[in-house]
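Right, one structure below, let's go through it.
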Amino acid sequence: MQTSNSPFLHIDHVHKTFGETEVLSDIDIGLEEGGFLVLVGPSGCGKSTLLNMIAGFETPTQGDIRLGDRTLTGLHPSQRDIAMVFQSYALYPNMNVADNIGFGMETRGVKKNVRQKKINEVAEMLQIQPLLKRKPSQLSGGQRQRVAMGRALVRDPRLFLFDEPLSNLDARLRVDMRIEIKNMHDTLGTSIVYVTHDQIEAMTLATKIAVLNQGQVLQVGTPEEIYNTPANEFVADFMGSPSMNKAPVALDTDGSAVTIQLADQRLKLHNPSDALHSLAARQESVVLGIRAEDITTTLGQESLDENELPLTVQFVEPTGSDNFISAGDKALSFVSRAKNNVRPSVGDAARLKLDMNRLHFFSPSDGKRVG
Ligand SMILES: Nc1ncnc2c1ncn2[C@@H]1O[C@H](COP(=O)(O)OP(=O)(O)O)[C@@H](O)[C@H]1O
Ligand SMILES: [Mg+2]
């Protein structure tokens, strides 16, 4: 029986070993019904292997995967009530779009009029009705991707799996399809597990993100949790663009306030964690992290405020709407995000104000968050 506190999909302490190599280690992730779980991580971290185990193309070496009230272990892929959309769309080249979408139903013996109705429904939702008579070779990449999704949709599965479905598309189309997939999820309310190495896709699509690296889950949380309170340096670096700024800093304390030293300024921390208090009592060093949007850069260094760092502009990267300004020296440098009307030149004197409520601290030994 599924109890109210057990998740709809439960990847329950799963390990996977190929030969001698453990490619996934103790993966434990739950997804509520109707949720959108994104597995994100660098190439080779084990995302596809995990998805293939949910689909039934691979078997866990250890652990269990449950969907609803039953275990998937031992079930053939066709018995799992799961539909998968792959990165390569694998459409049948000789069949037209309608037949590609309806093929699975045909092999399952679904009657022709039912098939037709279902194909039309899905085609309408994906806005591909005008394409139903075309062959895959007559479609653009984005249209093929829609057909591949249509083929999965007609099955009304309990769970959708997507393995990097947009990585073959150009940037513009990727954004359009991302919005369509999100709309589809909002409309149908189906449960989805979606694999990507693209942190923006993860942030925009997910209700829940699992960040993987080298076969391990480094953090599971909402997009906000992952972005605002990354559990370790890897997650902090991987999520967000540009990557979070980092600097080693020595902690100090006078017994009550905790301070850090940066560019000859001593900055007082707001609400330091207990861990930071005890590290400061031992005058230990930690890794400071701050995102580009949490630094305000002003030109000139005449009247330096408390909490402002006097640094020299190293380069400016215009992106259209924003300018990313790098300032510092060999030892210490920060990238900050500014509006496109802030346009300093290399070598200009600047002052950087860090948002003291948006600082992250990590342990230099294991990279785990300490505050
Ligand atoms: N069938 C297999 N046999 C041996 N090693 C495999 C097999 N499938 C995947 N691997 C290895 O497992 C690791 C994870 O692969 P994969 O799940 O495809 O990563 P990702 O999808 O995150 O890029 C890689 O090191 C890959 O080489
Ligand atoms: Mg993969």
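Atom set for the values below is all heavy atoms of this structure, side chains included, hydrogens, waters and symmetry mates excluded.
In this structure, the separation between CE on M356 and CD on E306 is 9.0 Å, given to the nearest 0.5 Å. From I82, atom CD1 reaches atom CG of L159 across 5.0 Å, with rounding to the nearest 0.5 Å. Here the NE2 atom belonging to H277 is positioned 7.0 Å from the OG1 atom belonging to T253, to the nearest 0.5 angstrom. Taken to the nearest 0.5 Å, the CD atom of Q145 stands 9.0 Å off from the CG atom of L91. Residue L67 holds its CG atom at 6.0 Å from CG of L9, rounded to the nearest 0.5 Å. Taking CD of E201 as the reference point, atom CE of M177 lies at 10.5 Å (rounded to 0.5 Å).
Heavy atoms of other residues, nucleotides or ligands lying less than 6.0 angstrom from CD of E293 number more than 12. By the 6.0 Å contact criterion, CG on D264 is open, its count of non-hydrogen atoms from other residues, nucleotides or ligands being 12 or less. Other residues, nucleotides and ligands contribute over 12 non-hydrogen atoms within 6.0 Å of the CZ atom of R282. Within 6.0 Å of atom CG in D329, more than 12 heavy atoms from other residues, nucleotides or ligands are found, so the atom counts as buried in its surroundings. The number of heavy-atom neighbours closer than 6.0 Å to CZ of F57, taken from other residues, nucleotides and ligands shown, is above 12. A 6.0 Å sphere centred on CD of Q138 holds more than 12 heavy atoms belonging to other residues, nucleotides or ligands.
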Intermediate values then yes/no, side chain to side chain donor-acceptor pair (under 3.5 Å), D28 and H10: CA-CA 7 Å; D28 194 64; H10 192 184; 3.3 Å; yes
T49 and N52: CA distance, side-chain angles, deciding distance, side chain to side chain donor-acceptor pair (under 3.5 Å) verdict: CA-CA 5 Å; T49 304; N52 287 335; 5.6 Å; no
Derivation and outcome, side chain to side chain donor-acceptor pair (under 3.5 Å), residues D237 and S243: CA-CA 5 Å; D237 287 340; S243 267; 4.8 Å; no
side-chain contact (heavy atoms from CB on, under 4.5 Å), that's the test. Do F103 and M95 meet it? Break it down for me. CA-CA 9 Å; F103 183 70; M95 291 185 193; 3.4 Å; yes
Evaluate M149 against V122 for side-chain contact (heavy atoms from CB on, under 4.5 Å), listing each step before the verdict. CA-CA 9 Å; M149 277 169 51; V122 164; over 6 Å; no
As a quick check of understanding, evaluate salt bridge (charged side-chain N to carboxylate O under 4.0 Å, His left out) for D156 and K118, giving each step before the final call. CA-CA 10 Å; D156 279 332; K118 200 79 205 164; 2.9 Å; yes
Using side-chain contact (heavy atoms from CB on, under 4.5 Å), reason through D64 and H13 one step at a time and then give a plain yes or no. CA-CA 7 Å; D64 189 21; H13 296 283; over 6 Å; no
Criterion side chain to side chain donor-acceptor pair (under 3.5 Å) on R351 and Q301, from CA distance to verdict: CA-CA 6 Å; R351 47 188 205 276; Q301 290 174 351; over 6 Å; no
Evaluation steps, side-chain contact (heavy atoms from CB on, under 4.5 Å), between V217 and V211: CA-CA 6 Å; V217 174; V211 183; over 6 Å; no
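You'll find the side chain of F361 reaches within 4.5 Å of the side chain of L288, heavy atoms only. For the pair V313 and I325, the minimum side-chain heavy-atom distance is below 4.5 Å. Contact annotation: the side chain of S191 approaches that of E33 to within less than 4.5 Å [non-hydrogen atoms, C-beta and beyond].
No donor-acceptor distance shorter than 3.5 angstrom exists from the side chain of R115 to the backbone of M105, with no hydrogens or angles considered. Side-chain atoms of K47 come within 3.5 Å of backbone atoms of G41 as a donor-acceptor pair (strictly under, hydrogens ignored). Of the possible polar contacts, one joining the N120 side chain to the Q116 backbone as a donor-acceptor pair under 3.5 Å is found. Judged by distance alone, with hydrogens and angles left aside, the side-chain atoms of D322 form no donor-acceptor pair with the main-chain N or O of T319 at under 3.5 Å. Within the 3.5 Å criterion, the main-chain N or O of T17 finds a donor-acceptor partner in the side chain of T61. The main-chain N or O of A280 is never found under 3.5 Å from a side-chain atom of Q283 such that the two would form a donor-acceptor pair. Remark: side-chain polar atoms of D305 are not paired, donor with acceptor, to backbone N or O of N307 under 3.5 angstrom. Using modelled atom types, one side-chain atom of Q265 and one backbone atom of E308 make a donor-acceptor pair closer than 3.5 Å. Distance alone, capped at 3.5 Å, is enough to place a donor-acceptor pair between the E225 side chain and the T222 backbone.
Salt-bridge annotation for D176 and R178: absent, with no side-chain N of the basic residue lying under 4.0 Å from a carboxylate O of the acidic one. With respect to the salt-bridge test (charged N to carboxylate O, under 4.0 angstrom), the residues E233 and K246 qualify. K16 has a carboxylate O that lies under 4.0 Å from a charged side-chain N of E58, or vice versa, which qualifies the two as a salt bridge.
The hydrophobic clustering, which links ILVMFWY residues whose side-chain heavy atoms are closer than 4.5 Å, places M53 and L75 together. One hydrophobic cluster, built from ILVMFWY side chains closer than 4.5 Å, cannot hold both V287 and L354; they sit in different ones. Under the 4.5 Å side-chain heavy-atom criterion for ILVMFWY residues, no single connected hydrophobic cluster contains both I200 and F234. I179 is not connected to M184 by any chain of hydrophobic side-chain contacts under 4.5 Å among Ile, Leu, Val, Met, Phe, Trp and Tyr, and they are in different clusters.
Among pairs with a residue in residues 173-210, those fulfilling ring pair (Phe, Tyr, Trp, His ring centres under 6.0 Å) read F36-H185, F36-Y194, F162-Y194, at least two apart in sequence or across chains. Within the structure, every pair that satisfies the salt bridge (charged side-chain N to carboxylate O under 4.0 Å, His left out) test and touches residues 138-153, not counting sequence neighbours, is listed here: R146-E180.
Figure legend: cation-pi geometry between R66 and F8 absent, as NZ or CZ is not positioned both under 6.0 Å from the six-membered ring centre and within 45° of its axis.
Using modelled atom types and a 3.5 Å distance limit, the side chains of T259 and R266 yield a donor-acceptor pair.
Of the options N245, I290, T297, a side chain to side chain contact (heavy atoms under 4.5 Å, CB included) to S336 is made by T297 and by none of the others. If you run side chain to side chain contact (heavy atoms under 4.5 Å, CB included) between D355 and each of T296, D294, I295, only D294 comes through.
Minimum interatomic distance between G142 and L169 (heavy atoms only, all atoms of both residues): N-CD2, 3.9 Å.
Taking Ile, Leu, Val, Met, Phe, Trp and Tyr as hydrophobic and joining them when side-chain heavy atoms fall under 4.5 Å apart, one finds L304 isolated, its cluster having no other members.
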